[in-house]
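Quick notes on the structure that follows.
All values derive from a computational prediction rather than experimental measurement. Numbering of ligands and ligand atoms starts at 1, following listing order.
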Amino acid sequence: KGWLSFSHMSIDRTLFPFENWLKCEHQALKMRQNMLDDDSSRYPQGIRSVRQTIARLLSITRGVKCFPEQIILGSGTQILLQILDGLIEENKVFALEEPGYQRVYRLLETLRRPVETVRLDVKGISIEAIRRINPSVVYVTPSHQFPTGIVMPISRRIQLLNWASEQADRYIIEDDYDSEFKYQTDAIPCLQGLDTYKRVIYFGTFSKSLLPGLRISYMILPEQLLRIARTRFSFLMQTCNVLTQITLQQFIDSGFYHKHIKSMRQIYETRRTRLIAAMRVQFGAAIKIYGINAGLHFLAEFDTKRSMDEILNRAAQEKLELYSLERCVLKAHYFTKKPTFIIGFANLANGSIDRAVQLLYRAIYQ
Ligand SMILES: Cc1ncc(COP(=O)(O)O)c(/C=N/[C@@H](CCC(=O)O)COc2ccccc2)c1O
């Protein structure tokens with residue numbers, strides 16, 4: 001039997017409309033193959049019509065307010081973060097949420113960027129802690145805090161924007177990753193759309209909504225940073241390949257994107273509800289679940305004598321892919337009192353939910 005997966009890093013590829021994607025790729029190749037005879041130096045920020053489509057999509061789905069000129073495409077969030085790092089003076093301190101996204105933390109360290117981590121409270125990143133640390137740039141995931149799942153309420157968003165407005169060199173990096181899938185709570189407008197001081201740098205990606213392998217991500221710069229980018233990085237070439245760009249545009253403009261997100265939302269909502277019910281039945285009072293309002297994963301904390309490592313080893317023996325919260329501990333010695341795991345359900349078909357929960361029970365209690 002194959003592995004079952006609670007991974008938050010994979011999606012159920014069987015649900016992707018490859019037929020429609022292929023149609024769009026075919027169209028793109030037929031109608032716009034002249035675009036392919038260029039090494040992307042002509043559109044360093046990405047093809048203009050593609051950025052127009054993305055700007056329109058984001059204004060409808062996320063309340064983003066931007067011109068296509070402010071968008072820079074990149075093959076992954078990390079390459080875009082490297083470019084952004086090059087726009088900010090080197091002595092400026094960046095602050096990340098703790099627990100948080102270790103791939104960004106480690107990238108910034110490699111870039112010799114001074115990085116601090118900031119604790120969370122029930123509403124997300126702590127403003128009091130930000131003021132104590134006094135960084136210039138704060139990296140937040142307000143839609144569905146990674147990995148705790150906290151949805152930052154509007155009050156905290158306003159506080160954060162006010163903090164940024166107090167000084168000229170302050171910025172907020174809003175990583176709106178995982179924003180497509182909301183349950184129960186209605187979508188809260190993103191920081192970028194609420195920002196009247198041009199302090200928010202918006203990051204987004206198609207890794208979760210479409211396929212991680214496409215490697216199409218984007219960042220939206222406020223004008224003052226865009227000007228610096230255009231001079232300092234005028235030599236850089238676009239890193240997303242042209243065929244993927246024009247296929248994506250076709251996929252969005254023909255309505256397939258909207259249709260896909262709608263159907264994935266229903267499928268993921270069903271899986272999430274069934275998984276949570278199955279876990280409550282299996283684990284009862286021994287389990288504490290949080291961060292279920294959005295995204296494709298939640299956290300589960302267990303009352304058990306068994307150690308985290310012992311559980312992870314047993315899960316691997318049971319062929320159950322499982323990740324612990326420890327992978328998101330950046331700097332602080334963030335001791336979760338009890339073993340806590342990131343429970344992803346995007347790659348867990350309905351039929352295997354009960355078995356996956358059973359294997360998890362064995363790994364923790366048998
Ligand atoms: C906070 C955050 N922001 C952005 C991204 C996306 O990066 P991009 O693909 O380069 O644009 C990730 C991906 N995080 C990845 C790893 C998390 C981890 O290491 O624990 C998980 O990514 C996926 C999850 C499900 C389906 C597809 C992808 C991010 O965790």
What are the distances between nitrogen or oxygen atoms of ligand 1 and protein nitrogen or oxygen atoms, counting only those under 3.5 Å?
residue  : atom   : partner : partner atom : Å
ligand 1 : 3 (N)  : D175    : OD2          : 2.5
ligand 1 : 7 (O)  : T77     : OG1          : 3.3
ligand 1 : 9 (O)  : S207    : OG           : 2.5
ligand 1 : 9 (O)  : R215    : NH1          : 2.9
ligand 1 : 10 (O) : T77     : N            : 2.9
ligand 1 : 10 (O) : R215    : NH2          : 2.7
ligand 1 : 11 (O) : T77     : N            : 3.3
ligand 1 : 11 (O) : T77     : OG1          : 2.7
ligand 1 : 11 (O) : T205    : OG1          : 2.8
ligand 1 : 11 (O) : S217    : OG           : 2.7
ligand 1 : 19 (O) : R103    : NE           : 2.7
ligand 1 : 19 (O) : R103    : NH2          : 3.2
ligand 1 : 19 (O) : R327    : NH2          : 2.8
ligand 1 : 20 (O) : H8      : NE2          : 2.8
ligand 1 : 20 (O) : R327    : NE           : 2.9
ligand 1 : 20 (O) : R327    : NH2          : 3.1

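The number of heavy atoms from other shown groups lying within 6.0 Å of CD (E128) is above 12.
Annotation: F203 is not in aromatic contact with Y177 [ring centroid separation under 6.0 Å not met]. Ring pair H144/F181: centre-to-centre distance not below 6.0 Å.
For the pair K259 and Y257, the cation-pi criterion (under 6.0 Å, within 45° of the ring axis) is not fulfilled. Because its NZ or CZ atom is both nearer than 6.0 Å to the ring centre of Y323 and within 45° of the ring axis, R327 counts as a cation-pi partner of that residue. Cation-pi check for R271 over F345 is not met; the charged atom does not lie both under 6.0 angstrom from the ring centroid and within 45 degrees of its normal.
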